Amino acid sequence: MSDCLFCKIVRGEIPAKIVYQDDDVLAFNDIRPAAPVHFLLIPKRHIESLLTTTEQDQALLGKMLALAPSIAREQGLGEGFKTAINTGLAGGQEVFHLHLHVLGTPQG
Ligand code: AMP
Ligand code: ZN
C-alpha cells in the first residue's frame, strides 16, 4: 500500500524510533505516547485490521503476541504492560495498518 502511513515507516520513507524488527514485523515508538513506554508492533506486510485477517495470518498474529513481552522487557516493562488493538472505525482505529499497542511504565 503506497500511501499507507505505516507501510511508509516500514519502507523507511517516514522516520520512526524503531525498537525491534525482523523479516515479518516492526516495532516503533508511538509518536503520541499515552504512557512512558508506548510502542506499536506491526506486520511489515500491509494488513488493514483484524477484520481483514484470514486463517493464513494465524502464525503472524501469534508471532506478534508472542514477541510483545520480549520487546516490552527490553523497554523496561518486565513487570507488566497493557496491550490494545483498535479494530475498525467503530473500534477507534485511526491508522488502517494492523498494529498492536504496547504501553506501560517501567518499574523502579
Ligand atoms: P489507532 O487509533 O489504534 O489506529 O492508533 C494509531 C496510533 O498511531 C496512534 O497512537 C498514533 O499516535 C500513532 N501514530 C500516528 N502516526 C504515527 C507516526 N508517524 N509514528 C508513530 N506513531 C504514529
Ligand atoms: Zn500499510
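One-based numbering, in listed order, for ligands and for the atoms of each. Quick caveat: nothing in here was measured; it's all calculated off a predicted structure.
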Check: Which residue from Ile31, Asp30, Leu103, Leu98 reaches closest to atom 18 (C) of ligand 1 through any of its heavy atoms?
Finding: Ile31
Next item on the list: Taking only heavy atoms of Asn29 into account, list the atoms of ligand 1 that are under 4.0 Å away from them.
Entry: 21 (C)
Next item on the list: Below 4.0 angstrom from a heavy atom of Gln93, which ligand 1 atoms are there? Numbered from 1 as shown, please.
Entry: 4 (O)
Margin query: Please find the pair of heavy atoms, one from Ala16 and one from Phe28, that lie closest to each other, and give the distance.
Written below: CB-CB, 3.9 Å
Notebook entry, point to check: the Zn ion (ligand 2) as vertex, arms to ND1 of His46 and SG of Cys4: angle to 10°?
Noted result: 110°
Margin query: Could you check whether any side-chain heavy atom of Leu67 comes within less than 4.5 Å of a side-chain heavy atom of Tyr20, counting everything from C-beta outward?
Written below: yes
Item checked: Ring-ring centroid check His97 His99, cutoff 6.0 Å -> no
Check: Is there any N or O on Gly92 that sits under 3.5 Å from an N or O of ligand 1?
Finding: yes
Notebook entry, point to check: Who's the nearest protein heavy-atom neighbour of atom 16 (N) of ligand 1, and how far?
Noted result: Leu5 CD2, 3.3 Å
Next item on the list: Verify the neighbour count for atom CD of Gln56: are there more than 12 heavy atoms of other residues, nucleotides or ligands below 6.0 Å?
Entry: no
Notebook entry, point to check: Got Leu103 and Leu77 here, is their nearest side-chain heavy-atom distance under 4.5 Å?
Noted result: no
Check: Are any of the side-chain nitrogens in Lys63 or Asp23 under 4.0 Å away from the carboxylate oxygens of its partner?
Finding: no
Note to self: Looking only at N, O or S atoms, which one in His97 sits nearest to the Zn ion (ligand 2)?
What the structure shows: ND1
